[in-house]
Structure formats: C-alpha cells, structure tokens
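The next block holds one structure in the form of structure tokens; read it before the comments.
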Amino acid sequence: MLSACALRPNGSLEIEGRKRTYSLHLPAGYGESEVHYPVVFVLHGNPSSGWQMQWYTGMSKTADDNGFIAVYPDAIDKMWQFDDGQRMEEEVHFVERLLEHLQSTYRVDATRVYFVGISGGSLFLSSLVKALPGKVAAISKIAAGRFAIEEGGDEAPQQAMPVLLMMGTDDYLFPGDVSREILSAEETLHYWLERNRCTTDPLVRHLPDSDPEDGSTVTTFAHKSDVGADVLFYRIEGGGHHWPNSRFDARTFYKKRDLGNLNKDFETNQVLWDFLSQYHR
C-alpha cells in the first residue's frame with residue numbers, strides 16, 4: 001500500500017491564471033502497448049482532495065487490475081461549490097479542460113469516459129455531466145442525491161445516462177436536505193428512472209451479509225432502461241455516509257458529524273467498474 005505522503009498531486013494545468021492540480025494513475029502495463037484506455041474521474045467529497053481520494057478508495061489498484069486510467073481532480077480550496085455560480089462554472093471548465101488534456105496527452109478511449117463522485121463530489125457531478133453532453137458514458141453517485149434545481153435549469157435538460165447510486169439509509173443525506181434543496185436518495189432514484197425511461201419493476205437482490213459486525217446489509221435494485229441507460233441502486237440498510245468498504249474508516253478523521261456505519265459487504269470499486277464498463281458513448 002502506498003503511503004499518504006506518496007500520493008501528492010502529480011499533475012497541473014494553468015487555467016486563466018490559476019494553477020489547477022490533479023492526481024493521475026496510469027494502469028500497469030500502460031507503456032507496453034498501443035491500447036487506448038477507458039478513464040474514470042473520481043471526485044472527492046467536501047473537504048478533501050484528489051490524492052486523499054486515491055488513498056481512501058484504493059481505486060488505483062482497481063485501475064491496475066482492470067486496465068483503466070484513474071484521475072482525481074482537486075477542487076479549489078478542497079470544496080466543490082454549489083452556491084457560487086461563477087465558482088461552479090470555473091470548476092466545470094477545469095474538469096472539461098482536464099479531460100481534453102488527458103485525451104491529447106494519453107491514449108484515452110473517448111467513448112469510455114466515466115465519472116464517480118462521493119458526497120460533495122457526487123452533488124457536483126450532477127451539474128458537471130450536464131455541461132459535458134455526449135462526452136460521458138456512465139456515472140456513479142455515492143453518499144449524496146442531487147439538487148432539486150441544477151445549474152442551467154430547464155434550458156439544459158439532463159440527457160439519459162446510465163447511473164449507479166449507492167447510499168446508506170442512515171446517511172445524514174439519505175432523506176435529503178430541505179434547507180439546501182438536496183433531494184433524498186429515493187427522489188434522486190426516481191429522477192433518474194424517469195430521465196432514463198426505466199422499467200418500474202426492478203430486479204431485487206439481497207447481498208450476503210459477509211461482515212455481520214458492520215451493522216448494515218445491502219439490497220440492490222436493478223432497473224432496465226428502454227434507451228440503454230440502466231439504473232442500479234445499492235441501498236445500504238443501516239449504512240452511513242461512506243465510500244462502502246473504503247480502505248480506512250472516515251470516522252477516524254472526521255469528528256464533526258456522525259457518519260454512521262461503514263458497510264463492508266461488497267467490493268465497491270469492482271462493483272463500480274463492472275457497472276460503468278458496460279457502457280460506451
């Protein structure tokens with residue numbers, strides 16, 4: 001396992017006079033072939049950073065095991081913004097430029113660009129993908145729903161998009177946040193079911209409770225789409241505000257809020273990749 005000190009940002013872009021940083025991981029064997037690789041953007045929560053996300057999730061090992069490029073952008077001041085329209089626009093422009101940079105510098109398969117976000121990164125992701133029409137093949141949102149009204153409003157309707165949602169029923173954001181107009185997990189699910197023209201009767205599975213000591217279990221709901229934009233919902237019964245099965249328990253470092261139980265019943269990173277990798281733009 002790499003130490004946290006080894007995972008500092010290793011890339012930067014100059015955008016309108018501001019230095020923007022990110023962490024990048026090329027998969028094992030990248031330099032040994034001419035293959036074009038899928039890319040997964042992993043968006044950190046608030047407050048955090050890309051290198052912390054790399055350490056926290058272990059997604060770079062998953063990239064090695066499955067052959068994709070992993071990139072971890074850094075938000076300004078470690079916080080993706082939602083209330084400041086200018087800052088949000090600046091962050092969207094940064095990610096858009098970063099994608100262009102990766103495509104011009106590395107062997108990126110432009111038909112297989114994926115985004116994953118947790119908490120604040122998940123909330124930002126909802127607005128981000130609307131600003132990248134035709135460029136994103138699939139997304140995953142962890143530990144956050146979406147805003148009732150996204151940046152751009154009705155002038156920028158959300159296109160159909162395969163989505164994997166993961167959220168714990170004891171997550172403080174599971175019921176949403178009326179004061180900030182954040183939808184609940186169930187409302188977010190129904191939003192995507194409608195956008196993606198999904199069937200109303202999902203395939204329901206109860207995952208084995210492989211870690212009875214974690215205080216939570218998992219039920220999955222798989223909704224098929226008429227337009228190829230399926231929705232998969234991992235409902236973590238008794239789960240808290242976490243990246244499930246993360247490499248360390250965020251409660252160790254974050255004391256300001258009760259984060260709840262950390263579920264360890266499934267390999268989150270592999271589940272993410274198995275879902276995302278089914279889809280091409």
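Keep in mind it's a predicted model, so treat the numbers as computed, not measured. This chain uses plain numbering: 1 for the first residue, then up along the sequence.
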Fill in: Flag, side chain of D230 to backbone of P162, donor-acceptor distance under 3.5 Å
no
Discussion item. For W80, give me all partners under ring pair (Phe, Tyr, Trp, His ring centres under 6.0 Å), at least two apart in sequence or on another chain.
Written reply: H44, F124
Worksheet item: Excluding sequence neighbours, so at least two apart, what forms ring pair (Phe, Tyr, Trp, His ring centres under 6.0 Å) with Y30?
Response: Y37
Worksheet item: Would you call K264 and E213 a salt bridge, using N to O less than 4.0 angstrom?
Response: no
Discussion item. Any heavy-atom pair between the side chains of R251 and N261 that's under 4.5 Å?
Written reply: yes
Item to complete: Check each of D65, T57, D64 against K61 using the side-chain hydrogen bond (donor to acceptor under 3.5 Å, both in side chains) test, and report the only one that passes.
Response: D65
Worksheet item: Would you call M161 and F115 a side-chain contact if the rule is heavy atoms closer than 4.5 Å?
Response: no
Discussion item. Are I15 and E90 packed together at the side-chain level, in the sense that at least one heavy-atom pair is separated by less than 4.5 angstrom?
Written reply: no
Discussion item. A side-chain contact here means heavy atoms from C-beta on lying under 4.5 Å apart; do L189 and M167 qualify?
Written reply: no
Which side-chain N or O atoms in residues 67-76 pair as donor and acceptor under 3.5 Å with protein atoms at least two apart or in another chain?
unit_1, atom_1, unit_2, atom_2, d
Y72, OH, S60, N, 3.1
Y72, OH, S60, OG, 2.8
D74, OD1, G50, N, 2.5
D74, OD2, T21, OG1, 2.6

Discussion item. Donor-acceptor pair, distance only, cut-off 3.5 Å: does the side chain of R197 make one with the backbone of A160?
Written reply: no
Worksheet item: Taking the six-membered ring of Y191, is the NZ or CZ of R146 close enough (under 6.0 Å from the centre) and on axis enough (within 45°)?
Response: yes
Worksheet item: Taking side chain as C-beta onward, heavy atoms only, is T217 less than 4.5 Å from H206?
Response: no
Worksheet item: Is the number of heavy atoms from other residues, nucleotides or ligands under 6.0 Å of E14 CD greater than 12?
Response: yes
Ignoring hydrogens and angles, write down the donor-acceptor pairs under 3.5 Å from the side chains of residues 237-244, residues two or more places apart or on other chains.
unit_1, atom_1, unit_2, atom_2, d
E237, OE1, R235, NE, 3.4
E237, OE2, R235, NE, 2.8
H241, ND1, D171, OD1, 2.8
H241, ND1, D171, OD2, 2.9
H241, NE2, S119, OG, 2.8
H241, NE2, Y172, OH, 3.4
H242, NE2, L259, O, 3.4
H242, NE2, G260, O, 2.8
W243, NE1, N269, OD1, 3.0

Worksheet item: Strictly by modelled atom types, are Y114 and R112 linked by a side-chain donor-acceptor pair under 3.5 Å?
Response: yes
Discussion item. For G45, is there any backbone N or O sitting under 3.5 Å from a side-chain donor or acceptor partner on S48?
Written reply: no
Worksheet entry | Beyond-backbone contact of L102 with F41, side-chain heavy atoms, under 4.5 angstrom | yes
Worksheet, complete the sentence: Taken in chain and number order and not counting sequence neighbours, the residues that satisfy ring pair (Phe, Tyr, Trp, His ring centres under 6.0 Å) with F94 are none
Discussion item. Contact between L193 and H190 at the side-chain level, heavy atoms closer than 4.5 Å - yes or no?
Written reply: yes
Discussion item. Tell me if a side-chain donor or acceptor on D265 pairs with a main-chain N or O of D209 at a distance below 3.5 Å.
Written reply: no
Item to complete: Classify the ring geometry between Y56 and F248 as parallel (under 30°), tilted (30 to 60°) or perpendicular (over 60°).
Response: tilted
Worksheet entry | Close side-chain approach of L164 and L276, heavy atoms under 4.5 Å | no
Discussion item. Regarding T199 and D201, do their side chains bring together a donor and an acceptor under 3.5 Å, going by distance alone?
Written reply: no
Item to complete: Identify, with sequence neighbours excluded, every residue that meets side-chain contact (heavy atoms from CB on, under 4.5 Å) alongside Q103.
Response: L99, V108, A110, V113
Practice prompt. Using the salt bridge (Lys or Arg N to Asp or Glu O under 4.0 Å) rule, take R20 and E91 through it: C-alpha gap first, then chi angles, then the decisive distance, then the call.
Written response: CA-CA 10 Å; R20 299 304 306 270; E91 295 291 21; 2.6 Å; yes
